Structure formats: structure tokens, C-alpha cells
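Read the structure below first, then the notes.
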2 protein chains.
Amino acid sequence: MVSVMDDDVPPVPAGTSRRPAVRRPRKGTAERRAEILRAAAHTFGSKGYKTGSLADVAEQVGITHAGVLHHFGTKEQLLIEVLEYRDLEDVRDLEGQHIPDGMELFTHLVRTARANVDRRGIVQGYTVLTAESVTEDHPARNWVTQRFAVLRGEIAHAIQEIGDHKVSDEQATRAASAIIGVMDGLQVQWLLDGTVDLAESTTFAIEAILSAVLNPAETTHLPE
Amino acid sequence: MVSVMDDDVPPVPAGTSRRPAVRRPRKGTAERRAEILRAAAHTFGSKGYKTGSLADVAEQVGITHAGVLHHFGTKEQLLIEVLEYRDLEDVRDLEGQHIPDGMELFTHLVRTARANVDRRGIVQGYTVLTAESVTEDHPARNWVTQRFAVLRGEIAHAIQEIGDHKVSDEQATRAASAIIGVMDGLQVQWLLDGTVDLAESTTFAIEAILSAVLNPAETTHLPE
DNA sequence: AATGGCTTACTGACAAGTCAGCAACATGTG
DNA sequence: CACATGTTGCTGACTTGTCAGTAAGCCATT
């Protein structure tokens, strides 16, 4: 009945200088994993998660699909790490800069829309995964839902701040949802049809929604 | 070497009075096909086109997947007919009523958003297929692109009409894109998170965009 | 020498599409 | 009206292909 694993379970010796039995990744492994994550982001972004295959991802980094599984275990885990990696990248992009708030947040959003025109791949990846996540039992669903909730909160907060806290929570949240919605919706149209002017339409819509939430009196209402 | 078709390659045997060689669909077949189309719309709408299987569709109408292929030939053809069927339904819904124009179009859009709250399945089907179509070589891509183009045209036209034709084409089209975008984008958020108020947010956003395009002077602009 | 990073080889599941064949039916002919 | 003819609607079995995941072993790094 000798130990199944090597180092025995029993009384933890004070010293705890456990040498082996731990993972010691080789140098260069981290970068390789990152390579795979970037390849996977590209594949899932262009073909979708369900349709994109591990073989497709593997080919881009010159290994076999089994090699990919060696690093990530399952396809779903790979997706999850792709999403986490993307979050990390986003944070890194904002490094140093404080998280924008108030009016700055909206100029930041508009700048992002402008920059996105030259990042078609990234936009498509985001769009495809977001939309795919509404299908049944999709592994990215929680991530996407959470992301929307956080974004709505941040934007609603910025609106309250600009509006000197005279805007109701409901209105601020509605406006926030609308701003996110219009950004996403315009991206879809732009991806499908190059004649859609992503930057201008987005800017216009954000300004329109901001004006309406800050000056409801000036807004013409529809009947009913 | 004329007739490739038609029987009688050889000397026609005298007695044979072959008459019936015409296609005649059985009664009830049309309804059966419609049943399959509805089932397919449901499957493609909840799981997506690529992930939804013919077996899944077939099961809903109590036949095998080969039976479905008997009617539609290929899965892609089935999808195409689903989209056409949906168009037909939309037209039928507007039957009698003239196609709304001017301000009426917008009250119609708002009414639709309100009604959609009770048609989750339909909304999800539309959302999933639209988004999936941006992936590589998707068979629904043309249909979706075309649909957006037509919608943009109609909405832009209505804006021009309301604005007494003082709104530039570019502005009208931008506003039209934004309205479509916000409707679609809000649907995604609403599907993922029930706390999003689809009807109210949509109404608010459409009013905001309309106000901005009709009264640009009142709109506060962002720097840059 | 040991273990991390792979490969090759394989499995089981599931997918779309083909095909032969069968029962139910419609129709022109007698 | 009757019925032979041949099509329609469909099944079940099969082919072909793709995929995620597993197992075992080889090699180079540590």
C-alpha cells in the first residue's frame, strides 16, 4: 500500500522542502502558449468557437492538434484562456493610464471605435464570440454576460457623473445599454458591408444618446 | 443525338403508351415542408446553422434526416429556404397595411421592439443567424447583408422625409445604421441578461438618434 | 534520469449526403 | 370504375469525413 504518488501524504514535515513532483515548465513554454492563444483567438474569431478546430489552431503554430491539447487539456479550456488572455491585453493597454471616467470615458470609446477600423480581425473575433455565446450552453456565455454587465456599470457611472447625479439610475443604465448596443450593432454592419462608416456612425450615436440623457427636455418623443 | 432525356433510347416498343411522367407533389406536402422549415428555423435559431444538425430538425417533425434531405437536397438549401420563408412571413404580416414611412416607420420600429419581448425565440434566431453570418464563407451572409442594406435605405428615406429633406444623405444613412445597430445590439444584451429593458432602451435610443439628426444644433459634441 | 514537449496512432462520436428499396398514393388508360 | 404505372415520401443502412480526446512513446532540455 505504498504511496500512490511519490511524496507521502502524511504529517507535513515542517521543513517542506519538496523538490520534485512540481511542474517545471521549460523556458520558452510561456511564449509558446501565448502563440497558441493568439492563433486560437484568430481561429475562433474568424470561424467561431464551435466550427473552429484544434487542428486549425495547431497548424498556425506548426504542431499537431494533440500538441495543443497537451498545453490546454480541452478545447473549452483553450477558449477560456483565450478570453482571459484578451482581458489581460486590455488591461495592459490601459496600464499607467487611469481607467477613464466621466466625459473621458466617452472620448475613449469614440477613439476605440476609430481605432477599430484598422483592427478588423480583433473586431470580428469579439463580434463572433459575443453573438455565438447566446446559443445554448455556450462556454463563453458567462464571460460575455459578465463583460456586458461591467461595461454597463462603468458607462452608467460616467453618465451619472457628467449629469451631476441628476440622471436616474434607470435612465443612466438604459443609455449605457444603448451605447454598448449601438457600438456592437454597428460593428456587425461594418463587418458585413464596408460602406458603413463605423467611426462616424458610432460617434454620432454616442453623442446623440449622451445629449438625450443629459437634456431630456430637448428630445422629441414618439407618440404612445 | 438530340433527345438526351425522354425514354425510348431504343426503338419504341409499340404497345407502350407511357403518359404520366410529370412531377406531381402530393397533397399535404407543402404543409409538411413548412413544418420542416419552422423546425429548422427553431434549430438554427437556438444552436446556430453550423452546429444545428439535420437530425435535430428531422426529429421535431418525426422523420429521419434523410427525409429532410429528400425535401431540400442539402442543408444549405434548407437554410436558404428558411430565410425566404421568414421573408414571406414578414411580408404577410404587413399585408394590407401600407409599408410604413415617415414618422410612422419609427413608431412601427418601437412597437416591434415592444412586441419582441414576447418573441424570444424569433429574436434569438435572428440574432444568432445575423452574427454567425459574419464568419468566413457563411451561406447566409448575402441574405443578411442585403437585408441590412434595404433596411438602412428605408430608414434613411424616412428620416429625409421627416427632416423635410434638409438632412444630408450621409447623416441620414449614419442615423439609419445607428438605429439598426442599437436595436440589434440591445437584443443581444437582452438575450444574455434579462435585466436589460429591451423596449425602453430601444425607444429611448431611437428618440435620441432622431432628435440628434433633426436638431444637430442641440447636440453636445465630444472634443476632437 | 527525469520530465516537459511534443508526435503518431488510435478511438468513439457525430455529421452530411447517397442509395436501394418500400408503401402509399395519384393519374391516365381501358 | 378499376387498375396498372410509376412517382412521391420516406426509411435504414452505408459511406465518407471531421472532430475532440486518449495513450504511448521518442527526444531534448534541464
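Predicted model, so just to flag it, every value in this text is computed and none were measured. Residue numbers begin at 1 in each chain, while the letters A, B, ... track the order of the sequences.
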*For each nucleotide in nucleotides 10-18 of chain D, reading 5' to 3', give B when a protein heavy atom comes within less than 4.0 Å of its base, S when such contact involves only the sugar-phosphate, and - otherwise.*
BBB------
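- The distance from atom CD of B/E59 to atom P of C/dA15 is 11 Å, rounded to the nearest whole Å.
- A cation-pi contact, defined as under 6.0 Å to the ring centre and within 45° of the axis, links B/K75 to B/Y49.
- Look at CZ on A/F72: it is 16 Å from P on D/dT22, rounded to the nearest Å.
- One can place NZ of B/K47 at 12 Å from P of C/dA16, the figure rounded to the nearest angstrom.
- If you take CD of A/Q77 and P of D/dA20, they are 15 Å apart, rounded to a whole angstrom.
- As judged by a 4.0 angstrom heavy-atom cut-off over every strand, A/G28 is placed among residues making no nucleic acid contact.
- Side-chain contact check for A/R86 and A/Y126: no donor-acceptor pair (N or O, by modelled atom type) lies under 3.5 Å.
- In this structure, NZ of B/K50 is placed 15 Å from C1' of C/dA16, rounded to the nearest angstrom.
- Between the side chains of A/T145 and B/D193, not a single donor N or O lies within less than 3.5 Å of an accepting N or O.
- The side-chain tip of B/R33 points at the ring of B/F72 from less than 6.0 angstrom away and within 45° of straight on.
- Using modelled atom types and a 3.5 Å distance limit, the side chains of B/S46 and B/Q124 yield no donor-acceptor pair.
- The side chain to side chain donor-acceptor pair (under 3.5 Å) contacts involving residues 182-192 of chain A comprise A/Q189-B/R152, where partners must be two or more places apart or lie in separate chains.
- A/L54 has its CG atom 9 Å from the C1' atom of D/dG21, to the nearest Å.
- In this structure, A/L69 atom CG and C/dT7 atom C1' are separated by 13 Å, rounded to whole Å.
- For A/K50 and A/T135, the side-chain atoms include at least one donor-acceptor pair closer than 3.5 Å.
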_Does the protein touch nucleotides 20-26 of chain C at the base, only the backbone, or not at all? Give it as B, S and - per nucleotide, heavy atoms under 4.0 Å._
----BSB
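- Interatomic distance, A/L94 CG to A/E89 CD, rounded to the nearest 0.5 Å: 12.0 Å.
- Results of the side-chain hydrogen bond (donor to acceptor under 3.5 Å, both in side chains) test with A/R147 over A/T130, A/D90, A/N142 single out A/D90 as the only residue that passes.
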